[in-house]
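To start, the structure under review is shown below, and the notes come after it.
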Amino acid sequence: EVQLVESGGGLVQPGGSLRLSCAASGFTFSTYAMSWVRQAPGKGLEWVSSTNNDGDTTSYSDSVKDRFTISRDNAKNTLYLQMNSLKPEDTATYYCAKEQYTWFVGFQDSWGQGTQVTVSS
């Protein structure tokens with residue numbers, strides 16, 4: 001069974017940085033695209049970023065591009081999200097998600113439990 005465990009969330013001041021990690025197991029990690037999605041309090045799920053199976057192609061939502069960086073270490077079955085220049089509107093629960101395909105994204109089929117990120121002064 002697919003298992004995704006996020007970590008690295010916490011409280012950070014505006015302008016600060018945080019790196020999220022996602023430990024994956026239960027599937028061949030290196031053959032699937034992966035994504036990060038988030039859900040702010042009282043709002044719906046929002047796609048944040050995705051990367052293909054090799055990690056050499058990435059994409060970002062307009063709200064986070066140039067501030068966030070997605071990466072992966074296939075040898076460690078781990079997905080990362082480096083978040084810089086954080087804003088209060090980045091406050092949300094962040095979820096690691098497995099994509100159904102190797103490269104195409106937007107077809108998530110598994111999610112972790114999430115890690116809370118709070119950006120506040």
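- One N or O on the side chain of Tyr60 and one on the backbone of Ile70 form a donor-acceptor pair closer than 3.5 Å.
- Judged purely by atom type and a 3.5 angstrom limit, Thr102 uses its side chain to pair as donor or acceptor with the backbone of Thr31.
- Nearest heavy atoms, Thr51 versus Thr57: OG1-O, 3.0 Å.
- Shown here for Ser121 and Pro14, the closest heavy-atom pair between the two residues is N-CD, 3.6 Å.
- The closest side-chain donor-acceptor pair between Ser35 and Glu99 falls under 3.5 angstrom.
- In terms of heavy-atom proximity, Glu6 sits nearest to Tyr95 at OE2-CA, 3.3 Å.
- Relative to the ring axis of Tyr80, Arg72 does not place its NZ or CZ within 45° and under 6.0 Å from the centre.
- Because its NZ or CZ atom is both nearer than 6.0 Å to the ring centre of Tyr32 and within 45° of the ring axis, Lys98 counts as a cation-pi partner of that residue.
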What verdict does the side chain to side chain contact (heavy atoms under 4.5 Å, CB included) test give for Gln113 and Leu4, after you've listed the backbone C-alpha separation in whole Å, the side-chain angles of each residue and the deciding distance to 0.1 Å?
CA-CA 8 Å; Gln113 293 298 307; Leu4 302 169; over 6 Å; no
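- Here the CG-OG distance, from Leu81 to Ser21, works out to 9.5 Å after rounding to the nearest 0.5 Å.
- Between the side chains of Ser61 and Ser63, at least one donor N or O lies within less than 3.5 Å of an accepting N or O.
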Is there a side chain to side chain contact (heavy atoms under 4.5 Å, CB included) between Thr118 and Val12 once you walk through the steps?
CA-CA 6 Å; Thr118 302; Val12 63; over 6 Å; no
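- Between atom CD of residue Gln100 and atom OG of residue Ser110 there is a gap of 10.0 Å, rounded to the nearest 0.5 Å.
- A donor-acceptor distance shorter than 3.5 angstrom exists from the side chain of Asn74 to the backbone of Asn53, with no hydrogens or angles considered.
- Side-chain contact between Leu79 and Trp36 is present, with at least one heavy-atom pair separated by less than 4.5 Å.
- Judged by distance alone, the side chain of Glu46 and the main-chain N or O of Gln39 form no donor-acceptor pair under 3.5 Å.
- In terms of heavy atoms, Pro41 sits closest to Thr91 at CD-O, 3.9 Å.
- Pairing each heavy atom of Asp90 with each of Ser85, the nearest pair is OD2-O, 4.5 Å.
- No hydrogens or angles considered: a donor-acceptor pair under 3.5 Å links the side chains of Gln116 and Thr93.
- The line from CE of Met83 to OH of Tyr94 is 5.5 Å long, rounded to the nearest 0.5 Å.
- Using a 4.0 Å cut-off between charged side-chain N and carboxylate O, Lys65 and Asp62 make a salt bridge.
- A donor-acceptor pair shorter than 3.5 Å can be found between the side chains of Asn84 and Ser17.
- For Thr78 (side chain) and Lys76 (main-chain N/O), a donor-acceptor pair under 3.5 Å exists by modelled atom type.
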Begin with the C-alpha distance, continue with both residues' side-chain angles, and end with the deciding distance and a verdict on side chain to side chain contact (heavy atoms under 4.5 Å, CB included) for Ser7 and Leu20.
CA-CA 6 Å; Ser7 62; Leu20 306 183; over 6 Å; no
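- Remark: the backbone N or O of Ala75 is paired with a side-chain donor or acceptor of Asp73 at under 3.5 angstrom.
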I'd like to know whether Val105 forms a side chain to side chain contact (heavy atoms under 4.5 Å, CB included) with Phe107, so could you lay out the CA-CA distance, the side-chain angles of the two residues, the decisive distance to 0.1 Å, and finally the verdict.
CA-CA 5 Å; Val105 299; Phe107 302 93; over 6 Å; no
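- Minimum heavy-atom separation, Ala97 to Trp111: CB-CD1, 3.5 Å.
- A donor-acceptor distance shorter than 3.5 angstrom exists from the side chain of Ser49 to the backbone of Ser59, with no hydrogens or angles considered.
- No chain of hydrophobic side-chain contacts below 4.5 Å, direct or via other Ile, Leu, Val, Met, Phe, Trp or Tyr residues, connects Val37 to Val117.
- Cluster annotation: Leu11 and Leu18 are assigned to distinct hydrophobic clusters (Ile/Leu/Val/Met/Phe/Trp/Tyr, side-chain heavy-atom contacts under 4.5 Å, transitive).
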